[in-house]
Amino acid sequence: ITWAITENVISKLGFEDCVVYILNSEKKVLIQKAAYGNKNPFGYHIKDEITIPIGMGIVGHVAQTGQYEIIGDTAHDSRYIVDDNSRSSELAVPIFSGKDIIGVIDSEHSQKNFFTKAHLELITSIAAMASNRITHAISLEKLERHQATLEHQIQERTQQLENAILNLKRSNADLEQYAHAVSHDLKEPTRTISGFLKLLERSDTKFSDKSKEY
């Protein structure tokens with residue numbers, strides 16, 4: 001969706017540069033998801049991808065306040081962050097999902113005071129039209145990550161259960177061997193005694209009734 005914005009819209013407007021940022025709400029940073037210009041040398045590749053914390057730079061400030069920014073001369077704005085190249089003017093527009101910020105469309109130009117109210121209205125409209133689809137995509141990604149996490153946990157627990165069953169089988173086998181050995185060790189002395197008693201019974205030795213009882 002973000003690449004569609006840069007490829008099919010921004011490329012037709014005569015802009016030199018544009019980057020679509022998506023907010024990672026957990027880490028509270030803006031991630032570059034699509035680009036046009038020098039930031040996009042080929043395919044769906046972003047050159048020297050950077051992340052911007054909320055509140056940092058012009059893009060981070062827009063994500064924090066929810067207010068667009070048109071900077072006529074970036075040399076006089078201390079918030080300006082140089083990415084691939086230093087440019088003179090910048091336009092940053094928030095992408096909303098309801099009342100929440102989910103991203104920023106940011107464009108820069110080497111010419112001072114390049115961006116106009118017409119540019120602002122156009123980019124704002126693009127952001128509004130893309131909002132629902134981006135929101136849906138973000139929700140789908142979260143669902144897929146959650147599903148993958150659950151599957152991983154299930155695999156881990158299944159493996160743990162299989163290991164526990166294997167260990168139980170080994171323990172049972174060891175216990176059976178131990179029981180067999182103990183049984184043999186307990187029976188052997190009685191066999192020995194019984195054997196000698198039989199030998200005594202067969203002998204000619206005369207035993208008293210008391211000795212026989214013993």
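Here, residue 1 is the first one in the sequence, and each next residue gets the next number. The analysis underlying the following values was restricted to heavy atoms, covering all of them including side chains, and did not include hydrogens, waters or symmetry mates.
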message: Checking the side chain of E90 only, and the main-chain atoms of I71 only, is there a donor and an acceptor separated by less than 3.5 Å?
response: no
message: Treating S139 as the side-chain partner and T135 as the backbone partner, does any N or O pair qualify as donor plus acceptor under 3.5 Å?
response: yes
task: For the pair T74 (side chain) and R87 (backbone), establish whether a donor and an acceptor sit closer than 3.5 Å, ignoring hydrogens and angles.
output: yes
field: Test item: side-chain donor near acceptor, N172 and E176, under 3.5 Å
entry: no
message: Closer than 3.5 angstrom, by distance alone: can the side chain of T65 be matched with the main-chain N or O of H61 as a donor-acceptor pair?
response: yes
field: F96 side chain near I102 side chain, heavy-atom distance below 4.5 Å
entry: no
task: State plainly whether one hydrophobic cluster holds both V20 and L23, where clusters connect Ile, Leu, Val, Met, Phe, Trp and Tyr through side-chain heavy atoms under 4.5 angstrom apart.
output: no
task: May I ask you to test the I105-L91 pair for a side-chain heavy-atom distance under 4.5 Å?
output: no
query: Is the side chain of S183 donor-acceptor paired with the backbone N or O of A179 at a distance under 3.5 Å, no angle test?
result: no
message: Are Y68 and P94 packed together at the side-chain level, in the sense that at least one heavy-atom pair is separated by less than 4.5 angstrom?
response: yes
message: Tell me whether the rings of H109 and F115 are parallel (<30°), tilted (30 to 60°) or perpendicular (>60°).
response: perpendicular
- request: Show your reasoning for whether side chain to side chain contact (heavy atoms under 4.5 Å, CB included) applies to Q177 and H180.
  value: CA-CA 5 Å; Q177 291 179 1; H180 178 74; 5.7 Å; no
message: Within the structure provided, determine whether I58 and I81 are in side-chain contact (heavy-atom separation under 4.5 Å).
response: no
task: Answer yes or no: does atom NZ of K117 have more than 12 heavy-atom neighbours from other residues, nucleotides or ligands under 6.0 Å?
output: no
- line: From the list N167, L168, L161, side-chain contact (heavy atoms from CB on, under 4.5 Å) with I165 holds only for L161
task: Could you check D83, D48, D84, D106 and say which one makes a salt bridge (charged side-chain N to carboxylate O under 4.0 Å, His left out) with K39?
output: D83
- prompt: Does a side-chain heavy-atom distance below 4.5 Å link I126 with I5?
  reply: yes
- prompt: When you check the side-chain N and O atoms of S89 and Q111, is any donor under 3.5 Å from an acceptor?
  reply: no
task: Taking H76 for its side chain and D73 for its backbone only, find out whether a donor-acceptor pair lies under 3.5 Å.
output: no
query: Can Y178 be reached from L186 by stepping across I, L, V, M, F, W or Y side chains whose heavy atoms are under 4.5 Å apart?
result: yes
message: Please check: side-chain N/O of S131 versus main-chain N/O of A127, any donor-acceptor pairing under 3.5 Å?
response: no
task: Output, in order, the C-alpha distance, side-chain angles, deciding distance and verdict of side chain to side chain contact (heavy atoms under 4.5 Å, CB included) for L120 and V93.
output: CA-CA 8 Å; L120 171 63; V93 175; 3.8 Å; yes
- request: Report the C-alpha separation of Y44 and E7 in whole Å, then their side-chain angles, then the decisive distance to 0.1 Å, and conclude whether the side chain to side chain contact (heavy atoms under 4.5 Å, CB included) test is met.
  value: CA-CA 10 Å; Y44 292 140; E7 284 186 334; 3.2 Å; yes
message: Tell me whether E16 contacts the main-chain N or O of S110 through its side chain, where contact means a donor paired with an acceptor under 3.5 Å.
response: yes
Main-chain N/O of D17 paired with S107 side-chain donor or acceptor, under 3.5 Å: yes
task: For Y36 and W3, indicate whether the former's side chain and the latter's backbone hold a donor-acceptor pair under 3.5 Å.
output: no
query: Should V62 and M56 be counted in the same cluster of Ile, Leu, Val, Met, Phe, Trp and Tyr side chains packed under 4.5 Å apart?
result: yes
